[in-house]
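Just so you know, these numbers use all the heavy atoms, side chains as well, and skip hydrogens, waters and symmetry mates. Sequence positions, counted from 1, serve as the residue numbers for this chain.
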Amino acid sequence: MVLPPEEGRLITSSARVLVATAVPAERDAVARAFPGPVEEIVLPGTTVHRVTGAADLLAAGVGPALAAASTAAALTAAALDGRPYRLVVSAGIGGGFLPHAPLGSLVVADEITAADLGAETPDGFLPVTGLGFGTVTHRPPAALLREAAAASGARTGTVLTVSTVTGTAARADALRARHPRALAEAMEGFGVAEAAAAHGVPVLEVRAVSNPVGPRDRAAWRIGDALTALTEGFGKLAPVLESWNQHDQHDHQ
């Protein structure tokens with residue numbers, strides 16, 4: 001049940017964890033992992049759904065730019081209210097690199113990497129760091145990664161953020177060659193991580209695999225199964241989120 005919206009009220013919340021998904025279906029799959037009603041809160045620039053005592057859930061939008069903007073809006077609102085989030089989780093479904101991340105499996109990122117942020121050169125792709133700018137990878141705290149993987153039973157590896165979803169075998173092979181530890185690709189993780197980093201908040205990315213990375217074949221997609229896996233995964237992650245909700249970050253280093 002979603003309660004009527006409140007306008008801009010964050011300060012009364014006990015939730016210190018923000019979970020950012022791309023679309024409402026993913027947000028709602030996460031919400032199903034937690035008991036209790038969901039409250040909609042309208043903020044300047046975005047809207048969060050609060051699961052009391054668990055987390056604030058944000059359908060941040062598709063792609064790294066919109067995801068970063070929406071996540072930054074929620075983080076800023078919480079900080080201005082004097083109740084900043086302790087943890088941001090980028091979550092949703094995504095493509096898996098077979099055979100290491102099969103359909104229906106859960107992946108937790110030990111590296112959140114922008115796969116196509118850079119320049120094409122005669123010698124191949126050059127990441128933006130090779131041009132002397134910014135970063136292309138964010139990493140969760142080691143303790144957080146260990147706790148999340150142990151609780152959920154998820155595979156750990158690199159999750160790539162792309163602005164264009166892979167649809168050919170050649171593209172999948174090129175990504176695997178550049179990122180041999182890649183387990184999954186999605187479109188929002190790096191944007192969410194950039195917003196979290198700007199606020200000094202640790203970040204985690206959790207993906208349930210809905211399709212193989214490679215030739216685009218909608219008949220092979222298992223979106224319903226992946227959403228179910230996402231719900232089950234967050235049910236297992238609940239103790240980790242509760243811990244980060246209640247304690248200072250230095251307690252987890």
Side-chain angles (χ1 to χ4, degrees), residues 20-22 26 62-65 67-68 71 88-142 144-146 148-149 152-197 202-217 220-222 226 229-230 233:
T21 69
E26 294 167 317
V62 174
T71 302
V88 178
V89 184
S90 176
I93 64 176
F97 287 93
L98 300 179
H100 304 293
L103 271 63
S105 64
L106 199 69
V107 173
V108 174
D110 58 15
E111 294 184 336
I112 303 168
T113 296
D116 50 14
L117 182 61
E120 293 288 348
T121 77
D123 297 321
F125 180 79
L126 186 66
V128 72
T129 50
L131 302 173
F133 303 105
T135 185
V136 293
T137 295
H138 292 279
R139 296 175 177 85
L144 172 59
L145 179 65
R146 288 194 303 269
S152 65
R155 296 162 169 82
T156 60
T158 302
V159 176
L160 303 178
T161 299
V162 296
S163 295
T164 302
V165 172
T166 299
T168 66
R171 161 81 174 200
D173 290 343
L175 288 176
R176 178 63 67 78
R178 293 206 304 267
H179 307 281
R181 296 184 64 257
L183 289 184
E185 74 165 22
M187 301 182 74
E188 295 78 32
F190 185 77
V192 172
E194 286 277 82
V203 66
L204 188 69
E205 183 169 10
V206 179
R207 292 287 168 179
V209 176
S210 59
N211 59 278
V213 176
R216 186 174 175 83
D217 179 12
W221 294 0
R222 298 292 182 268
L230 190 65

message: Test: salt bridge (Lys or Arg N to Asp or Glu O under 4.0 Å). Region: residues 154-164. Which pairs qualify, not counting sequence neighbours?
response: none
task: Could you pull out all residues at least two apart from Thr113 that satisfy side-chain hydrogen bond (donor to acceptor under 3.5 Å, both in side chains)?
output: Thr137
message: Run the side-chain hydrogen bond (donor to acceptor under 3.5 Å, both in side chains) test against Ser163 and tell me which residues pass, sequence neighbours left out.
response: none
Enumerate, atom names and distances included, each donor-acceptor pair closer than 3.5 Å involving a side-chain atom of residues 186-196, sequence neighbours excluded.
from, atom 1, to, atom 2, distance (Å)
Glu188, OE1, Arg207, NH2, 3.4
Glu188, OE2, Gly63, N, 2.9
Glu194, OE1, His138, NE2, 2.6

How far apart are the closest heavy atoms of [X] and [Y], and which atoms are they?
| X | Y | answer |
| --- | --- | --- |
| Val209 | Gly96 | CG1-N, 3.5 Å |
| Leu204 | Ala109 | CD1-O, 4.4 Å |
| Thr21 | Glu26 | CB-CB, 3.6 Å |
| Val162 | Pro64 | O-CD, 4.4 Å |
| Ser152 | Gly233 | CB-O, 4.4 Å |

Among residues two or more places apart or on two chains, list those pairs meeting side chain to side chain donor-acceptor pair (under 3.5 Å) that have a residue in [range].
| range | answer |
| --- | --- |
| residues 98-109 | none |
| residues 173-182 | Asp110-Arg181, Thr158-Arg181 |
| residues 115-134 | none |

Nearest-0.5 Å distance, [atom1] of residue [X] to [atom2] of residue [Y]:
| X | Y | atom1 | atom2 | result |
| --- | --- | --- | --- | --- |
| Leu183 | Leu106 | CG | CG | 11.0 Å |
| Leu175 | Phe97 | CG | CZ | 5.0 Å |
| Arg139 | Leu144 | CZ | CG | 14.5 Å |

field: Any pair counted as ring-ring contact (aromatic ring centres under 6.0 Å, His included), so long as it reaches residues 105-127, sequence neighbours left out
entry: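 Pairs touching residues 105-127 that pass the test: none.
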message: Which residues pass the salt bridge (charged side-chain N to carboxylate O under 4.0 Å, His left out) test with Arg216, not counting sequence neighbours?
response: none
- prompt: In chain order, what residues pass the side-chain contact (heavy atoms from CB on, under 4.5 Å) check against Ala172, with sequence neighbours excluded?
  reply: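 For Ala172 the side-chain contact (heavy atoms from CB on, under 4.5 Å) partners, ignoring immediate neighbours, are Thr166, Val213.
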Flag side-chain contact, heavy atom, 4.5 Å: Pro127 against Leu117: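 SC-SC contact between Pro127 and Leu117 ruled out.
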- prompt: Can you list the steps and then say if Ile112 with Val159 is a side chain to side chain contact (heavy atoms under 4.5 Å, CB included)?
  reply: CA-CA 5 Å; Ile112 303 168; Val159 176; 5.6 Å; no
